[in-house]
Amino acid sequence: TPVEVGDFTAVVPNYFNQRDFNVNLDANLGKHSLRWRFLYDQFTSPNVNTVTPQNQFTGTYLTGAKKGIFSDAWTISDRVVNDFRASYSRGIGPVLTVPATFSNFPNIEFDSEGLNVGPQGCSPQSGIQNVYQLADTVSYARGKHTFKGGVEVRKTISPGTFLPRSRGEWDYANLQSFINDAIPDGANGALRGAGSATFASNYNSVYGFLQDDWRVNAKLTLNLGLRY
């Protein structure tokens with residue numbers, strides 16, 4: 001006997017919270033110009049299954065960033081300036097959570113009805129990127145030439161968690177197959193991710209450059225340099 005399905009109305013939260021602030025501190029001490037900066041932002045909103053939104057399956061979507069910067073512009077002489085910079089940044093997200101009650105609840109799809117019951121399909125997942133940076137540049141002016149050279153070193157530590165279909169996906173051709181407890185017979189059948197969801201993208205970076213800004217005359221300046 002065919003299963004009759006009536007109207008379905010879904011109501012889910014729809015909002016976002018955003019928090020942003022920055023702190024700046026400057027100091028001039030003799031030949032040194034010191035600068036401190038701190039930046040913060042965070043964005044949160046409901047993590048909704050957009051195919052068939054349901055309040056009980058709604059988790060949290062989170063992204064954010066923090067960054068601290070220190071710089072010292074040191075005027076060594078009338079011709080030489082050293083610019084040093086150190087920074088730390090932390091990027092968060094996207095972090096997609098699932099309500100704890102449904103942490104192992106699969107997504108159940110019904111092809112003919114166009115329904116997808118369960119939390120947002122790519123959840124849970126998370127990612128963080130930590131970047132440590134040191135950079136130093138020296139400028140030297142002589143005659144019509146301004147020479148610059150510098151080096152930058154970065155260390156990136158970026159752990160993440162993501163395993164597609166970690167909670168499972170059971171796809172039925174229609175609601176009748178589900179009620180009859182049949183093997184999922186929809187387009188995707190029965191799927192579940194296997195293995196570890198944890199991975200790390202860690203690496204080191206080194207950059208360097210040398211350049212010469214040559215003021216040939218009042219109308220022509222050549223910028224020559226090498227970068228690595």
Side-chain angles (χ1 to χ4, degrees), residues 16-45 60-97 122 125-162 196-228:
F16 71 87
N17 293 320
Q18 184 156 352
R19 301 175 177 87
D20 303 279
F21 71 87
N22 63 76
V23 178
N24 300 326
L25 180 61
D26 301 334
N28 294 318
L29 302 176
K31 295 184 177 182
H32 293 268
S33 294
L34 308 178
R35 305 286 184 266
W36 292 267
R37 302 287 185 266
F38 180 76
L39 302 90
Y40 175 93
D41 72 79
Q42 184 184 80
F43 176 92
T44 58
S45 66
T60 302
Y61 174 95
L62 167 69
T63 60
K66 304 174 184 178
K67 187 164 189 175
I69 307 169
F70 168 75
S71 65
D72 176 11
W74 175 21
T75 304
I76 300 174
S77 69
D78 293 340
R79 294 183 175 183
V80 182
V81 175
N82 186 86
D83 188 0
F84 171 78
R85 184 174 70 254
S87 70
Y88 166 71
S89 63
R90 180 180 178 88
I92 302 173
V95 177
L96 308 180
T97 65
C122 293
Q125 65 170 286
S126 65
I128 296 173
Q129 185 180 66
N130 300 290
V131 180
Y132 302 84
Q133 178 189 44
L134 292 174
D136 193 72
T137 301
V138 177
S139 301
Y140 172 65
R142 185 177 182 87
K144 294 183 177 182
H145 295 269
T146 300
F147 302 100
K148 290 183 180 180
V151 64
E152 178 179 337
V153 178
R154 296 183 188 179
K155 183 176 184 62
T156 301
I157 302 175
S158 185
T161 303
F162 180 50
S196 173
T198 302
F199 61 93
S201 178
N202 302 335
Y203 55 91
N204 299 321
S205 306
V206 177
Y207 310 86
F209 77 95
L210 291 171
Q211 73 179 52
D212 174 17
D213 294 333
W214 177 20
R215 190 171 184 269
V216 181
N217 55 47
K219 296 182 178 181
L220 177 63
T221 299
L222 297 179
N223 180 263
L224 309 172
L226 294 173
R227 293 182 180 274
Y228 170 79

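Keep in mind that this is a model prediction, so the values were computed, not measured.
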Inspect the surroundings of CZ in Arg215 and state if more than 12 heavy atoms from other residues, nucleotides or ligands are less than 6.0 Å away. no

Of all heavy-atom pairs between Asn217 and Leu220, which one has the smallest distance, and what is that distance? OD1-N, 2.8 Å

Indicate yes or no: at least one non-hydrogen side-chain atom of Phe70 is less than 4.5 angstrom from one of Leu34. yes

Closest non-hydrogen atom pair between Ser45 and Phe16, with its separation: CB-CB, 4.0 Å

Atom CG of Leu226: over 12 foreign heavy atoms under 6.0 Å: no

Please check if atom CG in Asn24 has more than 12 non-hydrogen atoms from other residues, nucleotides or ligands closer than 6.0 Å. yes

Does a salt bridge link Arg37 with Asp26, judged by any charged N lying under 4.0 Å from a carboxylate O? yes

Worked check of side-chain contact (heavy atoms from CB on, under 4.5 Å) between Gln211 and Arg227: CA-CA 8 Å; Gln211 73 179 52; Arg227 293 182 180 274; 3.0 Å; yes

Return the OG to NZ distance between Ser89 and Lys67, rounded to the nearest 0.5 Å. 5.0 Å

Of all the heavy-atom pairs spanning Thr63 and Pro94, show the shortest one and how long it is. CG2-CA, 3.8 Å

Hey, could you give me the NZ/OG1 distance between Lys144 and Thr221, rounded to the nearest 0.5 Å? 10.0 Å

Nearest heavy atoms of Ala27 and Trp36, plus distance in Å: CB-CZ3, 4.1 Å

Hey, what do you get for CG (Asn82) to OG1 (Thr137), rounding to the nearest 0.5 Å? 8.0 Å

Would you give the length of the straight line joining atom CG of Asn17 to atom OG1 of Thr44, rounded to the nearest 0.5 angstrom? 4.0 Å

Any side-chain heavy-atom pair from Ile157 and Tyr132 closer than 4.5 angstrom? yes

Would one find more than 12 heavy atoms of other residues, nucleotides or ligands at under 6.0 Å from atom OH of Tyr228? no

Rounded distance [0.5 Å steps], CZ in Phe147 versus CG in Asp213: 10.0 Å

Looking only at non-hydrogen atoms, find the nearest pair between Ile69 and Ser87 and report the distance. CG1-CB, 4.0 Å

Using modelled atom types and a 3.5 Å cut-off, is there a donor and acceptor pairing between side-chain atoms of Asn202 and backbone atoms of Ser158? yes

Once you round to the nearest 0.5 Å, how far does CD of Gln133 lie from OH of Tyr207? 9.0 Å

Classify the ring geometry of Tyr61 against Phe43: parallel below 30°, tilted from 30° to 60°, perpendicular beyond 60°. perpendicular

Looking at every heavy atom in both Ser33 and Asn28, which two are closest together, and how far apart are they? OG-OD1, 3.2 Å

Hey, are the side chains of Thr97 and Gln125 touching, using non-hydrogen atoms and a 4.5 Å cut-off? no

Using 30° and 60° as the class limits, which term best fits the ring planes of Phe38 and Phe21: parallel, tilted or perpendicular? tilted

